[in-house]
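In what follows, residues are counted from 1 in the order of the sequence shown.
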Amino acid sequence: MRVESVGRAAAVSRLLKKSSPSNFLWDLRCKSVCSSTELVLSRWLKEKPYLENSRFPRAVLALQQRHGKGQYGREWQSSRGGVWISAAFPWFYEKKYAGILGLAVAFALVERIEKYDLPVKIKWPNDLVVGEKKLAGILPGLIYRGNDVRFARIGLGLNVYNNVPFEGVALRRLIGPGKSRLNPWIVETLFAFERAMSFSHQIDWLCDQIAQRLWAKEFLDRASGEAWRINGISSDGGLKVLNSLGEIVLRR
């Protein structure tokens, strides 16, 4: 891993090398406080454009965000003690949809969390929940050159031991303080990004694995009030549902 500074980034680098051989050399920038890791990453990519298929995927880590954002621009509380990270990395999947990217990262992180015997589920399109409580949120995006995808970018927030709102939950409460130290979970997140990159030739298997871990069996159509039965995940990350007209695919 290449690092911008000492301290947290160097500690994460050492732990990454110790934990498991990495397929990539992460270029990591660590900020004590920033407005948003998404904004920092965007400036970095503008100053130094990212090369597709680079062996140096990039990640911006913040110990605290002042204005973290979730889906649809909603505020994500990002106090100290959580993993607040934005990354840019190669994306090899032939279909050009951010939906399957977000779900690939979600499933890869679920794999890491399941090692702790937690019943974590994927709430479509890209949240992780335990019971009714939100544990993590993911914002996927694809960057294009013409019609070709240059690279993927992901914003991710994972509650580790930070304070959370009523609708959230942190790992510290679920698995205890000894297993919820921050640096190991930063490393787990980086490994999840790498794992997601490897799914490009296993899309049918990936969609099946995601479907098995969906939080709900039904999707409520707010317009009609009708509950539609969930029937799986499409190859572009859409949610297959059965309604009175047959099967349709919902996309966001």
Do [X] and [Y] sit in one hydrophobic cluster, given that two such residues count as connected whenever their side-chain heavy atoms are within less than 4.5 Å of each other, even indirectly?
X: Leu206; Y: Val249; result: no
X: Tyr97; Y: Ile138; result: no
X: Trp215; Y: Leu250; result: no
X: Ile175; Y: Val160; result: yes
X: Leu61; Y: Tyr161; result: yes

[Y] and [X], any side-chain heavy atoms less than 4.5 Å apart:
X: Trp84; Y: Asn162; answer: yes
X: Val110; Y: Ile122; answer: yes
X: Arg153; Y: Leu45; answer: yes
X: Ile100; Y: Ser234; answer: no
X: Ile186; Y: Leu182; answer: yes
X: Leu101; Y: Leu142; answer: yes
X: Arg80; Y: Ser32; answer: yes
X: Leu156; Y: Leu158; answer: yes

Check against side-chain contact (heavy atoms from CB on, under 4.5 Å), Asn159 and Leu171
CA-CA 6 Å; Asn159 297 323; Leu171 287 170; over 6 Å; no
How long is the span from the [atom1] atom in [X] to the [atom2] atom in [Y], to the nearest 0.5 Å?
X: Ile154; Y: Ile85; atom1: CD1; atom2: CD1; result: 11.0 Å
X: Asn183; Y: Arg181; atom1: CG; atom2: CZ; result: 9.0 Å
X: Leu109; Y: Asn126; atom1: CG; atom2: CG; result: 12.0 Å
X: Lys31; Y: Leu63; atom1: NZ; atom2: CG; result: 11.5 Å
X: Gln202; Y: Asp208; atom1: CD; atom2: CG; result: 12.0 Å
X: Ile113; Y: Lys121; atom1: CD1; atom2: NZ; result: 12.5 Å

Ignoring hydrogens, what is the shortest heavy-atom contact between [X] and [Y]? Give both atom names and the distance.
X: Phe199; Y: Ile203; value: O-CD1, 3.4 Å
X: Gln65; Y: Ser36; value: OE1-CA, 3.5 Å
X: Arg252; Y: Pro125; value: NH1-CD, 3.5 Å
X: Pro49; Y: Arg150; value: CB-NH2, 4.3 Å
X: Ala196; Y: Ala108; value: N-CB, 4.1 Å
X: Leu25; Y: Pro57; value: O-CD, 3.7 Å

Applying side-chain contact (heavy atoms from CB on, under 4.5 Å), run through Ile230 and Leu239 and close with a yes or a no.
CA-CA 7 Å; Ile230 294 174; Leu239 186 69; 3.7 Å; yes
Any idea how [X] and [Y] line up, ring-wise: parallel (<30°), tilted (30 to 60°), or perpendicular (>60°)?
X: Trp26; Y: Phe193; result: tilted
X: Phe219; Y: Trp124; result: perpendicular
X: Trp185; Y: Tyr116; result: tilted

How would you list all residue pairs meeting salt bridge (Lys or Arg N to Asp or Glu O under 4.0 Å) that involve residues 211-237, not counting sequence neighbours?
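For residues 211-237: Glu114-Arg213, Asp236-Arg251.
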Set out, in order, the CA-CA distance, both residues' side-chain angles and the distance that settles side-chain contact (heavy atoms from CB on, under 4.5 Å) for Phe92 and His201, then state yes or no.
CA-CA 9 Å; Phe92 308 109; His201 301 297; 5.9 Å; no
Return yes if some donor-acceptor pair links the side-chain N/O of [X] with the main-chain N/O of [Y] below 3.5 Å, else return no.
X: Lys179; Y: Leu174; answer: no
X: Asn231; Y: Val241; answer: no
X: Trp44; Y: Arg58; answer: no

Do Ser86 and Arg29 have side-chain atoms, one donor and one acceptor, less than 3.5 Å apart?
no
Among Phe89, Phe151, Trp91, Phe56, find the residue that satisfies the ring-ring contact (aromatic ring centres under 6.0 Å, His included) test when tested with Tyr50.
Phe151
Verify side-chain contact (heavy atoms from CB on, under 4.5 Å) between Ser235 and Tyr93, making sure each step is shown before the conclusion.
CA-CA 10 Å; Ser235 60; Tyr93 186 37; 3.5 Å; yes
Using a strict cut-off of less than 4.0 Å between a Lys/Arg side-chain nitrogen and an Asp/Glu carboxylate oxygen, indicate whether Lys134 and Asp127 qualify as a salt bridge.
yes
Between Glu111 and Arg195, does at least one N-O distance fall below 4.0 Å, as a salt bridge requires?
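Yes, this pair counts.
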Is it the case that atom NZ in Lys115 sees more than 12 heavy atoms from other parts of the structure closer than 6.0 Å?
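It does: Lys115 NZ has more than 12 such atoms within range.
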